[in-house]
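Written out below as structure tokens is the structure these notes cover.
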Amino acid sequence: MASICFYFQVHQPFRLRHYTIFDAGQDYFDEFKNAQVCQKVAKKCYLPTNALLLELIEKYNGRFKVAFSITGVMLEQFTNYAPEVLESFKKLAKTGCVEFLAETYYHSLSSLYSRSEFTEQVQKHIRTINRLFGQTPRVFRNTELIYNNTLAKAIEQMDCFDAVLAEGADHILGYRSPNYVYRPVNSDRLSLLLKNYRLSDDIAFRFSERNWSQWPMTADKFAYWVNQVNGNGYVVNLFMDYETFGEHQWEETGIFDFLRCLPAEIFKHPDTDFKTPSQVVKSYKPVGTLDIHRPTSWADIERDLSAWVGNPLQNSAIAELYRLEPAVKQTRDPKLIDTWRKLQTSDHFYYMCTKWFADGDVHKYFNPYNTPYDAYINYMNVLDNLRQRCASAQAVRPIELTEAGIPVAPKPPAHQYASIR
Amino acid sequence: MFRNIKTFMLGWEFPPFISGGLGTACYGLTRAMSRLGMKITFVLPKSDPLQLSADDEPSLQEPLEELEFQNVKFRGIAARIAPYGAVRSANVKTSAADNPGSSKVGALTCLAGCDYGPEIFAIVNSYADKAVEIAAGVDFDIIHAHDWMTFPAGLAVAQKTGKPLVVQVHSTEFDRSGEHVNQHIYDIERAGMHAAVKVIAVSNYTRNIIISRYGVPAGKVEVAYNGVERNGNGSNGHNLDGKNEKIVLFLGRITMQKGPEYFLRAAKKVSQRLNNVKFIMAGDGDMLYRIIEEACRLGIGHNVMFTRFLRGDEVDKAYSRADLFVMSSVSEPFGIAALEALQHGVPVILSKNCGVAEVLHNALKVDFWDIDEMANQMYAVLQRPALHKMLSENGHSEANRLRWEDTAGKVKQIYEQVLAGVG
């Protein structure tokens with residue numbers, strides 16, 4: 001038996017507007033640009049692909065299944081800029097063939113910097129998914145598939161997940177295959193699902209590449225490759241950005257036809273089917289443990305953190321951001337805390353990446369900046385303003401004193417912003 | 001197939017007698033061409049002796065002794081050098097008058113872009129006549145003329161010898177004078193560009209001006225970016241940490257072309273936020289007094305220092321003291337100074353109208369008129385050590401990758417095309 005497990009990532013950040021040291025406003029985000037991108041991608045990708053998935057689910061009577069991870073900041077943007085997209089996801093949720101995964105609401109790197117912040121963001125995401133789609137996620141995927149033992153531990157301790165997704169990077173798997181279920185080292189109940197990056201990237205990146213030896217890739221060819229897993233694996237995890245359909249790969253490339261034909265070709269092989277991550281966990285036992293110290297991710301060829309962390313700009317921005325955590329939380333101002341969290345979205349640091357910058361091959365997709373330097377300058381100006389707001393909020397708030405005259409430590413304010421959307 | 005192309009090169013400036021990018025570029029390019037084994041006869045005007053004290057007699061012997069110029073033969077033509085302009089603004093005294101010890105500065109300092117004296121054309125014409133005489137006794141394959149002052153000479157030599165002419169444009173009349181072009185100079189530039197088999201521009205920025213303003217067919221205009229001399233300077237440990245006073249440097253002629261007033265207004269805005277920043281404006285020019293007055297009027301007279309024209313060591317000193325270099329040019333065909341700043345490890349902010357911005361990724365770029373953004377960028381570089389460090393280090397290595405050898409290689413390629421076409 002071999003199963004295809006599709007998971008699509010749906011995310012757009014709240015991009016910042018141009019913000020100089022002379023700006024004093026609290027409107028950091030580029031409403032116009034964010035609405036524009038959201039609506040454009042909705043039209044090219046989210047709406048047509050959702051419609052197609054619904055068609056396939058109905059056509060195959062529930063045998064075709066997929067999973068989504070939709071970030072909280074994306075859901076907010078759907079609510080504000082493209083409510084019809086949210087409705088179409090709700091429709092998919094009702095079919096019972098679509099599983100929604102949990103992640104950090106803000107698509108943040110908090111797992112690396114603040115455990116408490118991380119936990120709160122995951123919980124907020126779970127509540128949001130539950131409210132919108134009537135499901136409680138049981139499978140976790142971290143921002144950009146960032147994963148290591150520490151993350152697995154944090155997830156296990158949250159005590160509400162069965163599995164975590166990660167990149168099936170060669171340097172962590174070695175001779176092992178991504179087509180089995182694994183178990184994080186020292187865990188006794190979590191499963192680990194690993195992305196089959198070759199087959200995933202055949203769709204996400206190579207599909208329209210004309211000088212690829214396998215071009216044009218057809219559904220029957222792809223089904224044949226998947227079926228070859230039978231006998232040396234259980235599951236082919238196809239994890240990719242949802243924007244693959246219609247946005248990264250334009251409609252003209254035939255990507256929608258490929259997806260439309262794929263289930264029929266898959267079902268021609270009696271031993272192959274579709275499963276959601278939770279069904280994979282129920283069906284297949286882990287075959288071994290994986291011990292991963294250095295964080296892996298699904299980005300770039302390095303499959304590490306170097307797209308977001310590592311150059312002096314990124315390090316300085318992230319350090320300043322998380323240094324603000326106590327000050328921000330002490331304000332107990334839900335709007336301010338929410339803004340600070342939106343600044344945690346990993347894209348802001350991705351824009352500061354200088355890895356291939358000199359070659360002109362920057363991380364350009366939806367990137368509002370010309371250079372990583374511009375991204376950094378803008379971000380730091382916003383952060384300066386936020387810091388000032390924290391300081392002035394501190395100044396006006398009376399300090400509670402104990403009987404001995406010692407300031408009372410502020411209570412954990414979690415409940416205060418539990419209801420932020 | 002063209003192993004030893006022999007060039008008859010016509011220049012106007014050569015170190016140490018330079019006023020700006022032209023001399024530096026000719027020096028770098030010629031030396032690199034020589035290293036590639038290309039034979040060059042370099043014709044230069046000699047300064048009018050009346051303008052120079054005895055010990056400042058132009059010494060063209062000096063470079064000859066360098067091994068690196070072994071393939072270059074220098075030929076001087078006695079003429080009064082006046083690179084970008086011969087007549088000084090009436091109220092600006094020359095450095096020579098202020099400081100007799102460096103009188104050649106007076107003769108060579110670049111001044112008004114638009115204020116040419118009538119004698120410049122006479123000098124240009126007599127240079128052309130002499131160049132034809134020299135050419136008669138020299139064996140060469142191709143003529144290469146640098147900027148409009150040598151174009152009539154190039155045309156004359158080409159006409160006389162039938163050899164193909166290549167002209168190289170380091171700056172156009174539009175860069176120097178904005179929209180108020182000197183029609184006579186424009187006509188000379190245009191005639192030179194149209195008569196040439198190939199036109200070499202120092203950037204795409206300049207190439208576009210040549211195509212759109214001079215009507216030269218695009219297929220004829222090639223880009224050969226300038227390089228930078230390796231001077232052994234490390235990024236000399238530039239570090240913002242612990243520095244009490246920070247220095248922002250403007251280095252260039254104080255003329256309309258360089259946008260000094262935009263620099264000044266941005267300086268004013270930065271000064272309102274930071275009180276430990278000094279702005280150094282190094283250079284002379286027809287706007288100098290106006291800009292000094294403007295600094296006082298803006299109330300930042302105490303924060304802005306004017307050094308007048310700097311040479312050699314003084315330039316190095318200015319770079320090594322600076323924490324940030326700003327090129328606010330309204331129109332800058334290339335902008336070698338930015339590369340020199342980066343060689344000293346000084347981060348740069350470039351106007352988008354700088355040719356050098358096309359080849360530097362690790363620089364901040366701004367529209368020259370966008371004072372707020374310029375100030376925003378200045379503030380960021382001065383206040384954010386991480387940004388300063390990255391711009392300094394990455395910019396330093398990027399600048400060092402721009403080698404004159406590559407420019408010379410490109411020029412050689414162009415020569416080969418030209419000679420192949422001529423047969």
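Just the heavy atoms: all of them, side chains too, but no hydrogens, waters or symmetry mates, feed the values below. Quick note on labels: first sequence line is chain A, next is B, and so on, each numbered from 1.
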Checklist outcome for this item: Bottom line for B:Leu364: the part with an atom under 4.5 Å from chain A's heavy atoms is side chain
Checklist entry - Tell me, side chain or backbone of A:Asp384 under 4.5 Å from chain B's heavy atoms, or both, or neither? => result side chain
Checklist outcome for this item: Among A:Asp374, A:Thr20, A:Asn311, the residue with the most heavy-atom pairs under 4.5 Å to chain B is A:Thr20
Checklist outcome for this item: Under 4.5 Å to a heavy atom of chain A? For B:Leu391 that would be both
Next on the checklist: Among A:Tyr351, A:Tyr28, A:Phe349, exactly one meets ring-ring contact (aromatic ring centres under 6.0 Å, His included) together with A:Tyr379. Which residue is that?
Outcome noted: A:Phe349
Item to check | Qualifying salt bridge (charged side-chain N to carboxylate O under 4.0 Å, His left out) pairs with a residue from residues 307-323 of chain A, counting only residues at least two apart or across chains | outcome: A:Glu320-A:Arg323, A:Glu320-A:Arg387
Checklist entry - Where on A:Tyr376 is there a heavy atom nearer than 4.5 Å to chain B: the side chain, the backbone, both, or neither? => result side chain
Item to check | Check ion pair B:Glu222-B:Arg207 (N to O, under 4.0 angstrom) | outcome: no
Checklist entry - Are any of the side-chain nitrogens in B:Lys410 or B:Asp406 under 4.0 Å away from the carboxylate oxygens of its partner? => result no
Checklist entry - Among A:His18, A:Gln314, A:Met380, which residue forms the greatest number of heavy-atom pairs with chain B at distances under 4.5 Å? => result A:Met380
Acceptor/donor pairs from residues 374-381 of chain B side chains to any protein atom, 3.5 angstrom cut, sequence neighbours excluded:
from: B:Asn376; atom 1: OD1; to: A:Ile21; atom 2: N; distance (Å): 3.0
from: B:Asn376; atom 1: OD1; to: A:Asn381; atom 2: ND2; distance (Å): 2.8
from: B:Asn376; atom 1: ND2; to: B:Glu373; atom 2: OE1; distance (Å): 3.4
from: B:Gln377; atom 1: NE2; to: B:Lys365; atom 2: O; distance (Å): 3.0

